[in-house]
Structures are given as C-alpha cells and as structure tokens.
Amino acid sequence: MSKDCGNHGGGKEAAVRRISTAVIAFIIIVLITIFLVWAILRPTKPRFVLQDATVFAFNLSQPHLLTTNFQITFASRNPNSKIGIYYDRLHVYATYRNQQITLRTAIPPTYQGHKEDNIWSPFVYGTAVPIAPYNSVALGEEQGRGFVGLMIRADGRVRWKVGTLITGKYHIHVRCPAYINLGNKAAGVIVGDNAVKYTLVTKCTVNV
C-alpha cells in the first residue's frame, strides 16, 4: 500500500507564497529606486514667459459675438540639468473671465533638452464666438477704457526623461495673463496695415 503524503498541498502553497513575496519585494525595490532617483534629481517644472502678442483683429459685435485673431509668442525653459522634457501635446487658446474665446491651436510635439529654451509663436483666433452677456458688457467696458485683460492658456501632457528612463504622462497647465492696451496703437509696434504687436514679458503660472 502506498502512503498519501499530506504535505503536497502545503508545498504548493509555500511555493506560491515564496513567489508572491519575491514579486512584492521586486516591486518595492523598483518603486524605492524610482523614488530615490526622483528625489536626488529633484525635477523642476518648466518655466514659461509670454513675450508678446500681435493683434490682427479684436471686434465685439452684437448680439454678444467676438471675433479675434492673435499671434502670441511665449518661451519655455527647462531648468533641469539632468532631466529632459517631452511635450507630447500642447494646445494654446485665449480666455476672458474663464470663458474660452478662441479655438485651440496645437503646438507640434517636441523634446526639450537640459537647460534648453523653446520659443513658440502660434496663432489663436475665433470668428463670431458667442460671449456670455455679462462678459460682453465687461469686455465692452474694458475696451472703452483701453486695456483688455485676457488669459493665454496652454494645456497638454508632458513626460520626463532621466537618462534612458522615460516617465508616464503628466498633465501640464500654463496660465499667462495678458493685459493689452488696445486703445492705444502707439503702445505697440504697427505690423503691416492693421496689426499691432504689443510687448508683454509676463511670467506664467505652471502646474504639472
């Protein structure tokens, strides 16, 4: 007669426990390594500056319709000496009092190396965009006083590159206030027949 060994089941369970423990330990080691690399390198989010805005059209008509056409120039700097930045997606547009007033313009995907600067000059525009009545009134009053306060925004996704390691995607939100003296063309430089280029040099808020 053969004897049935009751340890067979226990042996399998012990093997599964050992494998599970090894997998968990490996994951913990990987996470700790990533954390240490991240902590040592201390990645800093990019810095953005809105340099200027060339206004080709800014017309508020009734009933509460706004037509705009801008070319804006903003610069981005990667302050990190050991970390590169992939801009996988970046859309630029203008808002007035949190209401979007232009279409979104896509910036081509690009890589920003260590301590590198990028400059973009996209057009943002909107034709007969409906404006909330209360925003239309406020915008008309600002136009009457000369200065119009807009917000140039850029939303997208970025990845960080450390050596050969590339992280997952992170959301990036850039906010650049733009106070434009539309009431005085002499405050800018006339470009062509009707456009006026205004120098702004405004620091932007960046959230990643």
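Remember, it's a predicted structure, so these values are computed and weren't measured experimentally.
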Do [X] and [Y] sit in the same hydrophobic cluster, where Ile, Leu, Val, Met, Phe, Trp and Tyr count as joined when their side-chain heavy atoms come under 4.5 Å apart?
X	Y	result
Tyr125	Ile72	no
Val206	Tyr87	yes
Leu50	Ile107	yes
Leu60	Phe70	yes

State, without any angle test, whether Gln99 and Asn135 hold a side-chain donor-acceptor pair at a distance under 3.5 Å.
yes
Side chains of Ser76 and Asn118, donor plus acceptor under 3.5 Å:
no
Looking only at heavy atoms, what is the nearest atom pair of [X] and [Y], with distance?
X	Y	value
Pro46	Trp160	CD-CH2, 3.9 Å
His173	His171	NE2-CB, 3.9 Å
Glu142	Gly149	OE1-N, 2.9 Å
Ser136	Ile131	N-CG2, 3.6 Å
Lys197	Val191	CB-CG2, 3.9 Å
Leu65	Pro130	CD2-CA, 3.8 Å

List in chain and number order the residues that pass ring-ring contact (aromatic ring centres under 6.0 Å, His included) with Phe48, two or more places apart in sequence or in another chain; answer none if no residue qualifies.
Phe74
Counting heavy atoms not belonging to Lys161, are there more than 12 under 6.0 Å from its NZ?
yes
Could you tell me whether Tyr111 atom OH has more than 12 heavy atoms of other residues or ligands within 6.0 Å of it?
yes
Just so I know, are the side chains of [X] and [Y] near enough to count as touching, which here means a heavy-atom distance under 4.5 Å?
X	Y	value
Ser61	Thr67	no
Trp120	Val92	no
Val137	Pro133	no
Phe58	Val148	yes

Distance-only, no hydrogens or angles: does the Lys115 side chain make a donor-acceptor pair with backbone N or O of Pro79 under 3.5 Å?
yes
Do the side chain of Arg157 and the main chain of Ile172 share a donor and acceptor less than 3.5 angstrom apart?
no
Candidates Thr205, Asn207, Asp155 - the one meeting side-chain hydrogen bond (donor to acceptor under 3.5 Å, both in side chains) with Arg175
Asp155
